[in-house]
**Student:** 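I have a structure here, written as structure tokens, and I will follow up with some questions on it.
Just so we're on the same page: letters track the sequence lines, and every chain starts at 1. This one's a predicted model, so the numbers in the text were calculated from it and none came from an experiment. Scope of the values below: all heavy atoms of this structure, side chains included, with no hydrogens, waters or symmetry mates.
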Amino acid sequence: MSRYEPARTEEKWQKAWDEAGAFLARRDPAKAKYYVLEMFPYPSGRIHMGHVRNYTMGDVVARTKAAQGFSVLHPMGWDAFGMPAENAAMERGGHPRDWTEANITEMKGQMKPLGLSIDWSREIATCRPDYYGQQQAMFIDMLDKGLVYRKAAVVNWDPVDMTVLANEQVIDGKGWRSGAAVERRELTQWFFRISDFSEELLDALDGLKDWPEKVRLMQANWIGKSRGLQFAFETAGAPEGFERLEVYTTRPDTLMGASFAAISPDHPLARHLERHDPEVAEFVADCRRVGTSEEAIETAEKKGHDTGIRVRHPFDEAWELPVYIANFILMDYGTGAIFGCPAHDQRDFEFATKYGLPIPPVFVAVGADDAPLAEAYVPMKSERVRYLRGFAGTEIQTGDEGVNTAIDFCEARGVGRGVTNYRLRDWGISRQRYWGCPIPVVHCAACGVVAERKENLPVELPYDVTFDKPGNPLDRHPTWRDVPCPKCGQPARRETDTMDTFVDSSWYFARFTAPHATTPTVMADADYWMNVDQYIGGIEHAILHLLYSRFFARAMMLTGHLPKKAIEPFDALFTQGMVTHEIYMTRDRQDRPVYHLPEDVVRTEAGAALKDGTPVEVIPSAKMSKSKKNVVDPMNIIAQFGADTARWFVMSDSPPERDVEWTAAGAEAAYKHLNRVWVLSDRIASLKDGGPGRGDEDLLRATHRAIAEVTRTVEGFAFNKAIAKLYELANAIQKSDASKVAQRQAVMVLAQLMQPMTPHLAEDIWAMQGGAGLVAQAPWPKADPALLVEDTVVLPIQINGKRRAEISVPRDMPADEVEKIALSDESVVKFLGGQPVKKLIVVPGRIVNVVI
RNA sequence: GCCCGGAUGGCGGAAUGGUAGACGCAGCGGUCUCAAACACCGCCGACGCAAGUCAUGCGGGUUCGAGUCCCGCUCCGGGCACCA
């Protein structure tokens, strides 16, 4: 007696697919192409449920499209540079490259058994010279095109470890290892001119019809286009050279409500004062003890320091405002200086309250009186308000109108000019770290900054480095660092900064179209395969990764590495929800958090504990992350039940765009169902041949309904609903009294429809029923529309919106006849109790509502 | 703090403004078995004997009809430019 044995058959089918070359992407001019891509993983060493979910989704799309006749490209690679490799080297010794390569081998070994339809011949890893060397070539091209430049920018500096910290490594303003208060320090760094593309990147969002609306909205807000007024205050009592203070405001209509001016601690005026005034120096130093992240700055307590300098109001020479240095003003936005209107900005309100500054209202709600404010009054700009201290436009107008008339008014009087501003800043790519793509330039005393010659690429990372000291080992590697200038040949120094890992992931999708080429891309391949038809990844990448990739596509087009049609590289985007899990935490002697893997934690009545009984603090579910150790190992599921069970389960349990909390409970149920389907197929195969059965027609209809529904739901990324329909079809076959021929046909369609999700089981069934070839290569079934229509429909009857009865009528019965039947229905008559019908609503094929 | 989401039975979830709870999990009852497991059949939002009433995070509103649309909240999650 044979039975469902995934451990035995899954490997067999994977081999069969390999031998058939079923997943090799080929440029086939006879077929339409389809490029499906999942965001490639960081090689942490173990796959987790988030990976299984992400790659199964992509695989369902890839397999469905292949069955539908497309020439499919479905590649996989490794986002292999980054901090964890260096951290591992520091913590456990070893080398980042060895650690990373071992992790890639390990993870690939875990992904293979999933049976994904990936073209592994196209595998890439960003940490390998054949990849990052091409990235260096593009960097040089971008340098030539003026898309790259250097400028000073601030970093988080750990004064104890003498090293630059990532924002993630700054916890409550302190270095994660040293615990020292972090300082902001300025370094000269490399930048991509993404802000030159602000308008373009914003406008093009409208064309991304198959992107989630929320992602487009997040990107639009991130780019942050605003229209405002830039003007200069005349200063009084300011040092020489600071006779004017340029400020930018998006609310020039509130100019008559100004009560102070404020500048960033990094503003040139603040820097000047810092050198001459010890109090300012102390205050500014205090401000710099906050990390560089916007979050840290925005959530820090709002503080200001009165410089004693005054500015004159542009409309009233006699009206002077104090100038504060304030810790919440960002130097990167606008001019790094503002005027505060506390009546209509909550942050300014709190600031004014704290420092006893006046809060004159500029406008009130239409119909409201001028009364003291308990909080800032900040209506929507589209709302009409009554201006008490307006100076342009009518008394009652919207905020938008107020802004526009104020800009016109000011421009006409020579007070500043209307400017369009963007929040988007240039992309700083310099990292003071080893494990990244070296920036291919050399610093020469005579020639300045010189690009490496392309024939010398790749500039390879040296292997002989150690991580026993903090900081970047490239900085202290004389033979690698000290090289002749590519231009004059005199002794010079290599750039020791490496690139942000976001650079690596900003073009890998293009590299997959010609992964082994000796140029970054090959035009013919890019032209055939681009764009990515369906991109799938986590919502956490909604802004940065996707925006940088969009910029890179434009830069690659300008440098001749991508065709014009790839300017928006991702035609459709699906953002899957994250797999979340509870976090288990204890604290060390210094009260710092220590995290624990779920497999090391046991649930107890009191909560949770380590295996030695130490109680564990349970933090509510959050995104699975290595640093929090709240990760689950899918390999156990695969070992126990097979890959198809893991795949079926991750697709069935939640809508794919929603977060899913991992629970072990459903896995066994998934296995039971797959086993049931296998047994069902086995039973059908052993049925005796015979004539037509009684249920043939019903089963055929159920089958075609399933084809239509599964196709529709899979195409709409509603995989959980597709699985519900597949359960229904399996149940229908199981309960059917149809003939063997009809049942065999139904179960073969079931195998075809399940194939994208459970490809191995589908092959089992296909083979059992004597299907030709591999089901993975069989054409997708088509639903017959004639078998989808129902002859009669059940109409609920509502009385005053509450369901009271239902009637069964022919599908196309005219509304007046439906009315008659509805009103003569026994329970309707009872409910009406002779009351007159005020209104009768008949929605054909849907509902009848009787209003009395 | 700012930007973007989400909230429906014990649980995951379903529902073009039209019968709330498809499908599945857990649970309960039954058949099979010496017994158990498996498998199969049935029940399964709450209250109520019933008729029925209540019920989609909270408070309002629009509509013949609201889980769905609008306004105001609460809580949870994602992002915030050096985590990937």
**Student:** With the threshold set at under 4.0 Å for non-hydrogen atoms, list the residues of residues 712-723 of chain A touching RNA chain B in residue-number order.
**Tutor:**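 The stretch gives A:Asn720, A:Lys721 as the residues lying under 4.0 Å from the strand, ordered by number.
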
**Student:** Establish, with yes or no, whether the OP1 or OP2 oxygen of B:G13 is under 4.0 angstrom from a side-chain nitrogen or oxygen of A:Ser654.
**Tutor:**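 The answer is yes; a side-chain N or O of A:Ser654 sits under 4.0 Å from OP1 or OP2.
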
**Student:** Categorize A:Thr299 for me: base, sugar-phosphate, or nothing, with a 4.0 angstrom heavy-atom threshold over every strand shown.
**Tutor:**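 Answer is base: heavy atoms of A:Thr299 come under 4.0 Å of a base.
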
**Student:** Base, sugar-phosphate alone, or nothing: which one does A:Leu217 contact when heavy atoms must sit under 4.0 Å apart?
**Tutor:**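 The answer is sugar-phosphate, as A:Leu217 gets under 4.0 Å only of primed atoms, P, OP1 or OP2.
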
**Student:** A cation-pi test, strictly: NZ or CZ of A:Arg216 under 6.0 Å from the centre of the six-membered ring of A:Trp211 and no more than 45 degrees from its axis. Yes or no?
**Tutor:**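 A:Arg216 over A:Trp211 ring: no.
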
**Student:** How far does the C1' atom of B:U74 sit from the matching atom of B:A81, given to the nearest Å?
**Tutor:**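 One C1' to the other, the span is 31 Å.
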
**Student:** Categorize A:Trp427 for me: base, sugar-phosphate, or nothing, with a 4.0 angstrom heavy-atom threshold over every strand shown.
**Tutor:**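 No contact.
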
**Student:** Between B:U68 and B:U16, how far is it from one P atom to the other, in whole Å?
**Tutor:**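 My reading of the P atoms in B:U68 and B:U16 gives 13 Å.
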
**Student:** Would you indicate what A:Phe328 reaches in the nucleic acid, counting non-hydrogen atoms under 4.0 angstrom: base, sugar-phosphate, or nothing?
**Tutor:**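 Counting heavy atoms under 4.0 Å across all strands, no contact is made by A:Phe328.
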
**Student:** Would you call the rings of A:Tyr508 and A:His545 parallel, tilted or perpendicular, taking 30° and 60° as the class edges?
**Tutor:**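 Correct class here is tilted.
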
**Student:** Using OP1 and OP2 only, check whether a side-chain N or O of A:Asn675 sits under 4.0 Å from B:C38.
**Tutor:**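 It does not, given that no N or O in the side chain of A:Asn675 lies less than 4.0 Å from OP1 or OP2 of B:C38.
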
**Student:** What contact category does A:Pro41 fall into here, base, sugar-phosphate, or nothing, at under 4.0 angstrom with non-hydrogen atoms?
**Tutor:**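 Counting heavy atoms under 4.0 Å across all strands, no contact is made by A:Pro41.
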
**Student:** Which class fits the ring pair A:Tyr42 and A:Trp99: parallel under 30°, tilted 30 to 60°, perpendicular over 60°?
**Tutor:**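 Answer is tilted, since the angle falls between 30° and 60°.
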
**Student:** Once you apply a heavy-atom cut-off of 4.0 Å, does A:Val164 come out as touching a base, just sugar-phosphate, or nothing?
**Tutor:**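 The residue A:Val164 makes base contact.
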
**Student:** For A:Ala669, which contact category applies under a 4.0 Å heavy-atom criterion: base, sugar-phosphate, or nothing?
**Tutor:**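 A:Ala669: backbone/sugar contact only, no base atoms under 4.0 Å.
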
**Student:** With sugar-phosphate meaning primed atoms plus P, OP1 and OP2, does A:Glu806 contact a base, only sugar-phosphate, or nothing at under 4.0 Å between heavy atoms?
**Tutor:**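 Base, at least one base atom sits under 4.0 Å.
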
**Student:** Name the nucleic acid region contacted by A:Phe831, choosing base, sugar-phosphate or nothing; use a 4.0 angstrom heavy-atom cut-off, strictly under.
**Tutor:**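 A:Phe831: backbone/sugar contact only, no base atoms under 4.0 Å.
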
**Student:** For B:G9, does the O4'-C1'-N9-C4 (purine) or O4'-C1'-N1-C2 (pyrimidine) torsion place it in syn, i.e. within 90° of 0, or in anti?
**Tutor:**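 Here B:G9 takes the syn form, which means its glycosidic angle is within 90° of 0.
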
**Student:** Please check if the side chain of A:Asn156 supplies one atom and the backbone of A:Thr292 the other of a donor-acceptor pair under 3.5 Å.
**Tutor:**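 Between the backbone of A:Thr292 and the side chain of A:Asn156 there is a qualifying donor-acceptor contact (under 3.5 Å).
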
**Student:** Go through the steps for A:Leu208 and A:Arg550 under the test side-chain contact (heavy atoms from CB on, under 4.5 Å), then give the verdict.
**Tutor:** CA-CA 11 Å; A:Leu208 301 175; A:Arg550 296 178 62 219; 3.9 Å; yes

**Student:** According to a strict under-4.0 Å criterion, is A:Thr501 in side-chain N/O contact with OP1 or OP2 of B:A84?
**Tutor:**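 Yes, A:Thr501 has a side-chain N/O under 4.0 Å of OP1/OP2 on B:A84.
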
**Student:** Rounded to the Å, how far apart are A:Arg676 CZ and B:C41 P?
**Tutor:**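 To the nearest whole Å, that distance equals 9 Å.
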
**Student:** Quick one: does any side-chain atom of A:Asp345 pair with a main-chain N or O of A:Asp348 as donor and acceptor, under 3.5 Å?
**Tutor:**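 Side chain of A:Asp345 to backbone of A:Asp348, a donor-acceptor pair under 3.5 Å: yes, one is there.
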
**Student:** Can you sort out which residues in residues 842-852 of chain A have a heavy atom within less than 4.0 Å of RNA chain B? Ascending by number, please.
**Tutor:**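 Nucleic-acid contacts, sorted: A:Val843, A:Arg846, A:Ile847, A:Asn849, A:Val851.
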
**Student:** Taking only the P atom of each, what is the distance from B:A84 to B:G10 in whole angstrom?
**Tutor:**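 That atom pair is separated by 43 Å.
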
**Student:** Please confirm whether A:Arg3 makes a cation-pi placement over A:Trp678, using NZ or CZ under 6.0 Å from the six-membered ring centre and within 45° of the ring normal.
**Tutor:**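 A:Arg3 over A:Trp678 ring: no.
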
**Student:** Could you check whether A:Phe717 and A:Phe719 have their ring centres less than 6.0 Å apart?
**Tutor:**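 Ring centres of A:Phe717 and A:Phe719 closer than 6.0 Å.
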
**Student:** Without hydrogens or angle criteria, can the side chains of A:Glu38 and A:Asn54 be said to hold a donor-acceptor pair below 3.5 Å?
**Tutor:**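 A:Asn54 and A:Glu38 do not have a side-chain donor-acceptor pair below 3.5 Å.
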
**Student:** Under 4.0 Å, heavy atoms only, any strand: does A:His541 hit a base, just the sugar-phosphate, or nothing?
**Tutor:**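 Contact class for A:His541: base.
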
**Student:** When you compare the side chains of A:Asp504 and A:Gln135, does any donor N or O come within less than 3.5 Å of an acceptor on the partner?
**Tutor:**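 Checked: A:Asp504/A:Gln135 side chains pair up, N/O donor to acceptor below 3.5 Å.
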
